[in-house]
Amino acid sequence: MRAVVYSETGPSSVLRLVDREVPEPGPGELRVRLVRAGVNPTDWKFRAGGTYAELPYDEITPGQDGAGVVEAVGEGVLGFAVEDRVWLMLAQHGRPYGTAAEQVVVPAENAVHLPVGASYELGASLGVPAVTAHRALTSGDVTRLAPGALDGRTVLVHGGAGAVGNAAIQLARWAGATVLTTVSSDEKAALAIAAGAHQTVNYKVGDPAAEIEALAPDGVDLVVDVAPAVNNDLDRRVLRVHGTVAIYANNGGDELTMPVRETFSKNLRYQFVLLYTLAPELLRAAAEDITAAIEVGALRVGEDAGVPLHHHALDDAAAAHDAVEQGAVGKVLLDLDHD
């Protein structure tokens with residue numbers, strides 16, 4: 001099989017296309033023939049050396065997300081059969097080989113059935129963005145998402161044109177929330193509206209906190225934040241008493257400071273979200289709720305869903321990594337099977 005690997009950290013030029021033996025699944029594992037693989041910021045950050053002090057394996061195939069067809073089932077696996085369509089999450093977590101390859105072996109719990117009619121493009125776009133968004137949206141007083149779960153609540157999503165932001169908008173809207181989002185341009189506002197946001201606020205113009213207060217005079221219930229170092233004053237101002245801030249990234253700075261009295265006087269909750277250390281029951285809940293949203297068409301990709309798709313061949317993986325690192329708007333995918 002063809003696979004992309006790297007044996008040292010550095011720029012995208014360390015990525016190499018190689019031939020490797022087709023892996024065999026062990027007990028509790030599946031082998032999946034991939035059709036599409038998603039590229040996420042975590043992929044280039046790992047490759048660039050921002051996470052590893054030294055590589056934990058002699059070589060690594062990047063990629064946490066993908067979608068394809070089950071090709072082989074390991075001993076003891078229940079609920080999956082050859083030719084089942086699946087989407088994957090955490091494929092490379094704790095393992096050397098991820099989804100930038102024609103085939104990948106994963107623990108069965110990291111595979112989820114892809115509903116009938118759902119595209120492989122959608123499946124490959126789910127793992128990191130949708131599971132992160134699900135955990136952010138369920139970090140307040142709602143633990144599962146379903147139609148009506150967020151009725152009467154207002155959710156503010158920072159960076160609504162990003163992959164996690166887009167998934168958060170779609171899932172929150174499906175669950176019944178009023179969804180506001182901050183964006184940096186008219187073009188990104190259009191994408192957020194396509195995803196389902198009720199209102200957008202350009203944070204580069206005027207007083208965004210005042211605009212949000214006008215849109216949500218009773219306060220925001222939950223903030224999904226990608227840049228807490230720069231957004232925290234705004235978040236604290238617009239949140240209602242007992243509101244929640246869910247933080248999943250450190251865009252805009254690595255340090256977060258806050259005035260203690262002004263924060264605890266509103267009884268605010270701060271939930272930090274990292275996909276790789278989520279408890280298994282939270283991953284299962286996310287997979288189930290995401291599947292339910294897909295089945296009714298509430299979670300989508302493509303221009304009309306606010307998620308432009310950018311396709312790259314496997315031998316163009318370096319350009320795919322560069323596109324994500326440079327802030328490509330939408331979803332960057334590797335095409336592994338054109339049939």
Of all heavy-atom pairs between [X] and [Y], which one has the smallest distance, and what is that distance?
X	Y	value
Leu222	Leu137	CD2-CA, 3.6 Å
Leu333	Gly38	CD2-CA, 4.0 Å
Asp151	Gly176	OD1-CA, 3.4 Å
Gly63	Ala91	O-CB, 3.9 Å
Gly196	Ile169	C-CG2, 3.6 Å
Ser139	Arg269	O-CD, 3.3 Å

Rounded to the nearest 0.5 Å, how far apart are [atom1] of [X] and [atom2] of [Y]?
X	Y	atom1	atom2	value
Tyr248	His158	OH	NE2	10.0 Å
Ser12	Asp316	OG	CG	10.0 Å
Leu299	Leu122	CG	CG	6.0 Å
Leu275	Met89	CG	CE	8.0 Å
Arg236	Glu262	CZ	CD	5.0 Å
Asp141	Arg153	CG	CZ	4.5 Å

Are [X] and [Y] connected in the hydrophobic side-chain network, where two residues link if heavy atoms are under 4.5 Å apart?
X	Y	value
Val238	Val183	no
Trp174	Leu150	yes
Leu334	Val105	no
Val230	Leu156	no
Trp87	Leu282	yes

Between [Y] and [X], is there a salt bridge with N-O shorter than 4.0 Å?
X	Y	answer
Arg2	Asp19	no
Arg33	Glu102	no
Arg144	Glu288	yes

For a 4.5 angstrom cut-off between non-hydrogen side-chain atoms, does [X] reach [Y]?
X	Y	value
Arg240	Asp221	yes
Val307	Ser125	no
His113	Thr291	no
Leu256	Ile247	yes
Pro308	Leu191	yes
Val128	Pro41	no
Tyr6	Pro62	yes
Tyr120	Asp337	no

Please check this pair: side chain of [X] against backbone of [Y], looking for a donor-acceptor N/O pair closer than 3.5 Å.
X	Y	value
Gln92	Gln64	no
Asp84	Val70	no
Gln103	Arg31	no
Thr181	Val157	yes
Arg237	Glu213	no
Thr200	Thr182	no

| Hey, is CG on Asp304 packed in by over 12 heavy atoms from elsewhere, all under 6.0 Å? |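 Count over threshold, so yes.
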Exercise. For Glu75, does the CD atom sit with more than 12 other heavy atoms under 6.0 Å from it, leaving out its own atoms?
Worked result: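 Not more than 12 within 6.0 Å, no.
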| query | Is there a side chain to side chain contact (heavy atoms under 4.5 Å, CB included) between His198 and Arg173 once you walk through the steps? | reply | CA-CA 9 Å; His198 291 89; Arg173 181 68 184 262; 3.3 Å; yes
Verdict with supporting geometry, Gln271 and Arg135, side chain to side chain contact (heavy atoms under 4.5 Å, CB included)
CA-CA 9 Å; Gln271 175 67 59; Arg135 177 57 187 144; 3.4 Å; yes
Given Leu88, which of Thr99, Asn110, Asp65 fulfils the side chain to side chain contact (heavy atoms under 4.5 Å, CB included) condition?
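Considering Thr99, Asn110, Asp65, a side chain to side chain contact (heavy atoms under 4.5 Å, CB included) with Leu88 is found only for Thr99.
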Residue pair Val35, Leu336: steps toward the side chain to side chain contact (heavy atoms under 4.5 Å, CB included) verdict:
CA-CA 5 Å; Val35 178; Leu336 297 147; 5.9 Å; no
**Q.** Asn250 versus Asp254, side-chain donor and acceptor atoms under 3.5 Å
**A.**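 Looking only at side-chain atoms, Asn250 and Asp254 do form a donor-acceptor pair, the distance falling under 3.5 Å.
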_When you compare the side chains of Ser119 and Arg36, does any donor N or O come within less than 3.5 Å of an acceptor on the partner?_
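Checked: Ser119/Arg36 side chains show no N/O donor-acceptor pair below 3.5 Å.
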Go through it in stages, so that I can follow the logic: the residues are Leu309 and Val301, the test is side chain to side chain contact (heavy atoms under 4.5 Å, CB included), and I'd like the CA-CA distance, side-chain angles, deciding distance and then a yes or no. CA-CA 8 Å; Leu309 299 177; Val301 293; 4.1 Å; yes
Classify the ring geometry of Tyr276 against His93: parallel below 30°, tilted from 30° to 60°, perpendicular beyond 60°.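 Ring orientation of Tyr276 relative to His93: tilted.
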